[in-house]
J.: 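One structure, pasted below without further comment.
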Amino acid sequence: MKHRITAVLFLAVFLCLMPLTACGTEPTLADYKAIEAGTPRSEILEKFGEPHSFLSGLFGDIYRCEDKLVIIYYDSDAYGSEDAPVLEVHITDRQLPAGP
């Protein structure tokens, strides 16, 4: 009887914590590839969080994913706005510094 109660308790705790682990997953390249032109920057920030870096001279955000850089360009007419629409998404190889 004691083992059955322990098993039920363990299962209940596991099922309660399971949704929390799904929220903390990192975005995949497929997630970034699914970004469509016209998506507002606010939606990008909500889904992917703060970017790892920003573009200089252009309006865009840079995210790192696996061994790639994801560069999201926004309409420069809406510079700085959270409503700025996505113009393009480029995924490129990340250049790592040369080792010794």
Side-chain angles (χ1 to χ4, degrees):
M1 179 73 173
K2 183 178 178 182
H3 294 289
R4 186 174 287 173
I5 293 172
T6 304
V8 169
L9 182 61
F10 176 79
L11 182 61
V13 169
F14 176 77
L15 291 175
C16 288
L17 294 177
M18 194 171 158
L20 297 176
T21 60
C23 293
T25 60
E26 292 290 320
T28 65
L29 281 176
D31 295 326
Y32 288 108
K33 288 178 181 179
I35 297 171
E36 295 182 9
T39 302
R41 185 170 186 252
S42 58
E43 285 185 30
I44 301 297
L45 294 174
E46 183 178 317
K47 183 170 184 172
F48 299 104
E50 288 297 315
H52 295 106
S53 188
F54 305 94
L55 293 175
S56 177
L58 295 171
F59 184 24
D61 296 328
I62 301 172
Y63 292 90
R64 292 187 302 267
C65 183
E66 299 169 14
D67 62 343
K68 307 285 185 192
L69 286 179
V70 179
I71 305 167
I72 303 172
Y73 295 92
Y74 301 99
D75 184 352
S76 60
D77 290 340
Y79 185 82
S81 171
E82 299 243 336
D83 294 324
V86 170
L87 291 179
E88 295 180 58
V89 177
H90 288 276
I91 299 175
T92 185
D93 290 330
R94 197 162 92 183
Q95 294 182 349
L96 301 174

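Computed from a prediction, not measured in an experiment: that's the story for all the values here.
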J.: Could you state the interatomic distance from OG1 (Thr25) to CG (Asp31), rounded to the nearest 0.5 Å?
T.: 7.5 Å
J.: Please determine whether residues Phe54 and Leu45 belong to a single hydrophobic cluster, defined as Ile, Leu, Val, Met, Phe, Trp and Tyr linked transitively by side-chain heavy-atom distances below 4.5 Å.
T.: no
J.: For residues 83-92, which residue pairs pass the salt bridge (Lys or Arg N to Asp or Glu O under 4.0 Å) check, not counting sequence neighbours?
T.: none
J.: Please name the pair of heavy atoms, one in Ala78 and one in Phe59, separated by the smallest distance, quoted to 0.1 Å.
T.: O-CE2, 3.4 Å
J.: Would Thr92 and Lys68 satisfy side chain to side chain contact (heavy atoms under 4.5 Å, CB included), going step by step from the backbone distance to the final call?
T.: CA-CA 6 Å; Thr92 185; Lys68 307 285 185 192; over 6 Å; no
J.: Are Ile35 and Ile91 grouped together when hydrophobic residues (ILVMFWY) are joined by side-chain heavy atoms under 4.5 angstrom apart?
T.: yes
J.: How far does OG1 of Thr28 sit from CD of Glu66, to the nearest 0.5 angstrom?
T.: 7.0 Å
J.: Given the rule that I, L, V, M, F, W and Y join up when any side-chain heavy atoms are under 4.5 Å apart, are Leu29 and Leu69 in one cluster?
T.: no
J.: If you group Ile, Leu, Val, Met, Phe, Trp and Tyr by side-chain heavy-atom gaps below 4.5 Å, do Phe48 and Val89 land in one group?
T.: yes
J.: Considering residues at least two apart in sequence or located in another chain, which fulfil the ring-ring contact (aromatic ring centres under 6.0 Å, His included) criterion with Tyr73?
T.: His90
J.: Any heavy-atom pair between the side chains of Tyr74 and Ile44 that's under 4.5 Å?
T.: yes
J.: Could I get the full list of side-chain contact (heavy atoms from CB on, under 4.5 Å) partners for Ser53, not counting sequence neighbours?
T.: Ile62
J.: Tell me, please, which residues at least two apart from Asp67 pass salt bridge (charged side-chain N to carboxylate O under 4.0 Å, His left out).
T.: none
J.: State plainly whether one hydrophobic cluster holds both Tyr79 and Ile72, where clusters connect Ile, Leu, Val, Met, Phe, Trp and Tyr through side-chain heavy atoms under 4.5 angstrom apart.
T.: yes
J.: Students often mix this up, so state it plainly: with edges at 30° and 60°, are the rings of His52 and Tyr63 parallel, tilted or perpendicular?
T.: perpendicular
J.: What pairs with Lys47 under salt bridge (charged side-chain N to carboxylate O under 4.0 Å, His left out), at least two apart in sequence or on another chain?
T.: none
J.: Not counting sequence neighbours, list each pair that qualifies as a salt bridge (Lys or Arg N to Asp or Glu O under 4.0 Å) and has a residue in residues 50-64.
T.: Arg41-Asp61
